[in-house]
Amino acid sequence: MRLIDHHCHSVVRDDLTDAGFASLLTESDRAPVPGSSPWDSALGLAVRRWCPPVLGLDPYVPAAEYLARRRELGPAEATRRLLRAAGLDACFVDTGLETAGGATGGAALLSLDELAEAAGAEVREVVRLEYVAERASVGSGADRWADDVLAALTGAVRARGAVAVKSVLAYRHGLDIDPARPGPAEVARAAGEYLAGPATRLEHPVLLRHLLWTAVDLGLPIQLHTGFGDPDLTLHRANPSLLTEFIRAAEPFGVPLVLLHCWPYHREAAWLAQAFPQVYCDVGLTLSYTGQGARRVLAETLELAPFGKVLFSTDAYGLPELYTVGAAAFRDAVGAWAADLRATGCPAAETDRIAALPAADNAARLYARPAPPGGV
Amino acid sequence: MRLIDHHCHSVVRDDLTDAGFASLLTESDRAPVPGSSPWDSALGLAVRRWCPPVLGLDPYVPAAEYLARRRELGPAEATRRLLRAAGLDACFVDTGLETAGGATGGAALLSLDELAEAAGAEVREVVRLEYVAERASVGSGADRWADDVLAALTGAVRARGAVAVKSVLAYRHGLDIDPARPGPAEVARAAGEYLAGPATRLEHPVLLRHLLWTAVDLGLPIQLHTGFGDPDLTLHRANPSLLTEFIRAAEPFGVPLVLLHCWPYHREAAWLAQAFPQVYCDVGLTLSYTGQGARRVLAETLELAPFGKVLFSTDAYGLPELYTVGAAAFRDAVGAWAADLRATGCPAAETDRIAALPAADNAARLYARPAPPGGV
Amino acid sequence: MRLIDHHCHSVVRDDLTDAGFASLLTESDRAPVPGSSPWDSALGLAVRRWCPPVLGLDPYVPAAEYLARRRELGPAEATRRLLRAAGLDACFVDTGLETAGGATGGAALLSLDELAEAAGAEVREVVRLEYVAERASVGSGADRWADDVLAALTGAVRARGAVAVKSVLAYRHGLDIDPARPGPAEVARAAGEYLAGPATRLEHPVLLRHLLWTAVDLGLPIQLHTGFGDPDLTLHRANPSLLTEFIRAAEPFGVPLVLLHCWPYHREAAWLAQAFPQVYCDVGLTLSYTGQGARRVLAETLELAPFGKVLFSTDAYGLPELYTVGAAAFRDAVGAWAADLRATGCPAAETDRIAALPAADNAARLYARPAPPGGV
């Protein structure tokens with residue numbers, strides 16, 4: 001099965017400590033409480049199920065044994081094997097995170113070329129809006145902030161041949177935002193407030209809204225973080241249904257809006273994908289994290305989401321294991337879904353055709369679209 | 001298994017184009033994006049599973065083949081076969097939609113007598129509050145609007161022997177409404193605003209509240225749209241839990257409140273049905289749309305909903321296929337639920353008795369109740 | 001499998017009428033509508049599945065037969081058998097409910113010593129914040145209310161060797177509360193308002209917030225009612241995600257926050273347990289009430305909840321049957337989850353180790369922790 005991973009991140013270059021590895025198996029950026037380990041989770045079990053065989057061990061060997069084997073092979077070889085095991089044709093990489101955080105903090109990531117080489121896959125870039133805007137803000141001014149940010153985004157998209165942009169509004173404010181495009185004076189005033197403040201982290205709601213609308217102008221598909229993530233966000237404020245008014249306002253511009261992750265609001269996302277032509281959804285991150293639950297979560301998504309609007313991703317970050325697991329979880333979940341369908345009499349040729357849609361065909365169609373006139 | 005479909009709509013009289021047919025397989029009223037088709041959805045697959053055999057074809061024949069056979073038979077014969085395959089004893093039809101919309105728009109529907117004849121089922125009417133109120137508003141005045149609407153509703157209910165009324169507050173405002181009954185002066189003022197405006201579509205929150213309370217006075221069961229629907233509504237504002245304060249305020253009047261559809265908030269609806277004696281819920285529309293997922297959605301509903309408070313419906317609209325699929329999906333889902341129960345040792349006589357409650361017994365009991373004194 | 005029931009209530013001492021028994025099988029405190037019975041629910045079926053064999057009958061005998069046999073044995077013997085069948089090692093009992101309510105109202109409960117003797121289990125106490133505060137308010141004054149309540153809580157915790165405190169904020173206000181600790185003047189003003197009012201029921205949002213922060217000072221784990229319950233609460237306002245700001249504000253104090261019940265927001269609770277070190281969750285009450293659905297609900301919780309953060313409870317109240325059912329439902333659900341895992345190659349020793357975490361090991365670790373310096 002051809003796989004296009006339409007949203008992921010790069011992986012750590014060097015060896016990780018045991019604690020550093022474990023810290024990338026959880027969305028928490030806090031140290032675990034005594035008696036609790038990130039390995040004792042659905043994701044931990046999924047790593048133990050799918051990854052040891054890739055390194056020549058039995059499934060479910062103890063974590064210590066797995067980590068020892070990983071070190072024996074060295075990070076380059078382990079990474080190559082794990083990425084290749086994912087069997088990806090292409091990866092679209094969000095470059096808004098320059099190092100892997102977690103408990104260790106700051107571990108260097110592979111460059112996109114290195115990632116492509118190790119994975120044996122085409123790699124394309126996804127430009128993160130807030131990240132580029134924060135960098136463009138250095139030395140900018142209130143009155144030219146909007147222009148500087150537009151130039152930086154346009155430049156980043158063109159220079160890197162990006163296939164999409166990405167918004168982390170869910171982290172910076174929540175999705176419960178005023179959907180209207182702010183006027184230039186309002187943006188300049190807000191930029192003044194932001195630039196005068198001590199923080200580089202962009203959290204001003206007016207500027208976050210402005211970034212979304214700038215993205216609409218760019219014309220590339222906009223990926224939006226929705227649903228669960230790290231403790232920075234408030235879960236019920238990351239419900240994609242909160243974007244409905246923005247979706248309506250942006251609809252005339254025809255720019256695809258791709259709802260990422262979505263859990264536990266994947267049913268809400270599925271309905272949005274059915275109701276609005278320009279809305280897509282994925283359950284990347286979710287399928288890895290939910291382990292055995294991935295079959296159920298994918299099936300719940302496919303209750304209402306049109307099969308032509310669902311996208312595969314791993315949202316892997318830091319650990320190449322998350323590529324292995326994300327791809328295996330998707331193959332397993334979509335395979336189980338298709339088997340249930342075949343049990344009702346649906347021909348295998350038809351279930352194969354349908355499974356290929358989220359696996360790769362939808363992404364190939366969506367991200368190949370030319371930007372609208374005036375866009376980048 | 002006896003089936004009473006307590007909430008549905010009529011079906012299109014004439015042949016549909018391929019696009020017109022497909023447009024009735026989705027809640028979206030927009031054209032599908034290239035590469036996406038309403039057939040490629042859980043509902044599309046459900047139609048391909050259950051309907052071709054009714055017209056003498058194999059399950060899962062390609063859509064084009066199915067549509068060709070449907071045309072060969074002609075709409076009257078195809079409709080008759082599909083409706084009869086649903087095996088309904090009675091249908092309670094919401095007459096607030098006079099034609100089938102979707103991409104084709106305006107296709108004429110069968111009259112209730114024609115529907116009854118084609119389905120071989122008793123047909124009763126459900127009066128849509130907003131529809132009747134909008135018609136009664138023509139030529140009305142601010143001071144007599146409330147009286148005119150009451151007279152129109154009373155007349156409609158009496159003339160047609162209606163079994164229930166229906167509210168689409170979820171579409172017109174959202175369920176997050178002030179639960180208090182507005183006073184006469186407030187209603188007159190709001191009516192003045194509405195009548196002076198350009199719109200016939202009734203969206204004034206005061207008038208929508210007033211309609212709900214008028215329905216309470218009428219004394220018939222009130223069906224309320226909750227959960228997913230077309231892009232007109234905002235999903236999280238259609239969560240039936242938002243009705244809790246209204247449910248509490250209306251409780252002393254004893255009027256049954258029937259929460260329709262509910263997905264993805266069917267668990268919230270189930271709890272409401274357990275907590276409040278006058279609240280009922282259904283998962284009509286949902287079981288058809290979720291296809292293979294219908295078993296899970298019904299099972300989730302039956303986690304908390306008392307078995308005596310859950311109602312079967314198809315919410316079929318436009319396509320007779322939606323009757324076939326809605327009935328088949330319900331039979332399949334309730335059958336699977338009962339089989340799981342029998343596997344724990346529950347006698348078949350008992351699972352049969354329980355399955356008959358949502359299938360028909362609850363509706364027979366609920367809609368047979370006499371209106372309270374003073375009601376219609 | 002060792003079981004620690006970390007949140008439950010005592011059971012009725014004497015015989016119950018048929019209606020009184022049924023009233024304890026539902027969260028509703030209203031009389032059921034004609035045609036509907038609490039027995040016809042997932043919980044009713046679960047009682048019929050698991051309890052008759054404990055009294056020497058076949059599973060699923062009619063309710064009348066079961067109740068007759070129960071009376072024949074007498075309440076003491078039936079209670080002893082049912083509690084012993086639960087196989088609990090320890091019960092942590094919330095003593096904020098002095099009698100069993102429901103339709104009968106006011107049935108006397110076993111003392112904690114009697115409960116321990118009947119169950120053959122260690123019994124420890126959980127002190128309910130609002131209950132103690134209401135009692136301490138009698139004869140108190142605005143200026144010393146905070147001191148009186150602190151003294152009463154400290155005294156109750158010390159005198160009874162309590163292992164935790166419990167908040168019913170979800171019932172008294174909803175979890176959508178200002179997370180900030182109120183200042184002394186604000187508390188005194190609010191206490192004045194409350195003491196001057198006619199109600200003993202504590203619903204003042206400032207005082208409820210103050211109680212939470214007093215609990216933080218006490219240093220014991222704080223159990224919080226979240227999710228479904230009786231009709232007193234509004235479901236979407238009991239979503240544990242609404243506590244996120246309070247969780248963040250309380251995090252530096254290190255006090256464990258234990259989210260109880262959670263359904264239908266158990267996925268939100270699971271994420272909170274992953275994101276925040278001091279957050280735990282259980283699905284007590286839920287597993288009993290959802291019957292056949294317990295397997296699905298537990299599996300949904302284990303999608304994101306770290307296995308070291310999930311706790312077993314029955315939340316049994318009034319009926320010893322709810323202990324039997326709660327324990328059986330948990331064993332069945334965790335057993336099914338483990339069987340699915342073993343089917344993917346996970347060794348039985350590993351699934352046994354993991355299953356023991358929510359069953360008892362997590363509670364043993366959590367509630368054994370010494371209170372922080374300055375706490376009780």
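For the pair A:Glu300 and C:Arg267, the salt-bridge criterion is met [side-chain N within less than 4.0 Å of a carboxylate O].
Looking at A:Leu287, neither its backbone nor its side chain comes within 4.5 Å of chain C, counting heavy atoms on both sides. Only the backbone of A:Asp232 has a heavy atom closer than 4.5 Å to any heavy atom of chain C. Contact of C:Ile354 with chain A is made through the side chain alone, with heavy-atom distances under 4.5 Å. Looking at A:Trp263, only its side chain comes within 4.5 Å of chain C, counting heavy atoms on both sides. For A:Pro62, no part lies near chain C; criterion is any non-hydrogen pair under 4.5 Å. Neither the backbone nor the side chain of C:Ile247 comes within contact range of chain A; no heavy atom of the residue lies under 4.5 Å from a heavy atom of that chain. Within the 4.5 angstrom heavy-atom criterion, only side-chain atoms of A:Arg48, from C-beta onward, approach chain C. Heavy-atom distances place no part of A:Leu43 under 4.5 Å from chain C, backbone and side chain included.
When atom types are taken as modelled, the side chain of C:Gln274 and the backbone of A:Glu27 share a donor-acceptor pair closer than 3.5 angstrom. Not a single donor-acceptor pair under 3.5 Å links the side chain of C:Thr244 to the backbone N or O of A:Thr234. Listed for the C:Arg248 side chain is a donor-acceptor partner under 3.5 Å among the backbone atoms of A:Pro231.
Across all non-hydrogen atoms, the minimal contact from A:Ser28 to C:Ala275 is OG-O, 2.7 Å. When all heavy atoms of A:Asp40 and C:Arg353 are compared, the pair lying nearest together is OD1-NH2, 2.7 Å. Taking both residues in full, the closest heavy atoms of C:Ser241 and A:His236 are given as OG-ND1, 2.7 Å, listed atom of the first, atom of the second, then distance. Closest approach of C:Glu303 to A:Val297, counting heavy atoms only: OE2-CG2, 3.7 Å. Scanning both residues, A:Asp230 and C:Trp271, for their nearest heavy atoms gives O-CZ2, 3.5 Å.
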- Test A:Gln292 against C:Trp337 for side chain to side chain contact (heavy atoms under 4.5 Å, CB included), laying out the working first. CA-CA 9 Å; A:Gln292 279 182 281; C:Trp337 184 86; 3.5 Å; yes
Can you list the steps and then say if A:Val33 with C:Tyr280 is a side chain to side chain contact (heavy atoms under 4.5 Å, CB included)? CA-CA 11 Å; A:Val33 288; C:Tyr280 294 74; 3.8 Å; yes
Begin with the C-alpha distance, continue with both residues' side-chain angles, and end with the deciding distance and a verdict on side chain to side chain contact (heavy atoms under 4.5 Å, CB included) for A:Arg30 and C:Phe276.
CA-CA 7 Å; A:Arg30 276 77 159 165; C:Phe276 298 98; 3.8 Å; yes
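Side chains of C:Cys346 and A:Arg49 form no contact here, defined as non-hydrogen atoms less than 4.5 Å apart.
Once rounded to the nearest 0.5 Å, the distance linking CG of C:Asn362 with OG of A:Ser36 reads 7.5 Å. A distance of 8.5 Å separates OH in A:Tyr289 from CG in C:Leu304, rounded to the nearest 0.5 Å.
Of all the listed residues (C:Leu242, C:Leu341, C:Val310, C:Leu272), the one sharing the greatest number of non-hydrogen pairs under 4.5 Å with chain A is C:Leu341. Your options are C:Ala299, C:Gly308, C:Pro347, C:Ala270, and the one with the most heavy-atom pairs under 4.5 Å with chain A is C:Ala299.
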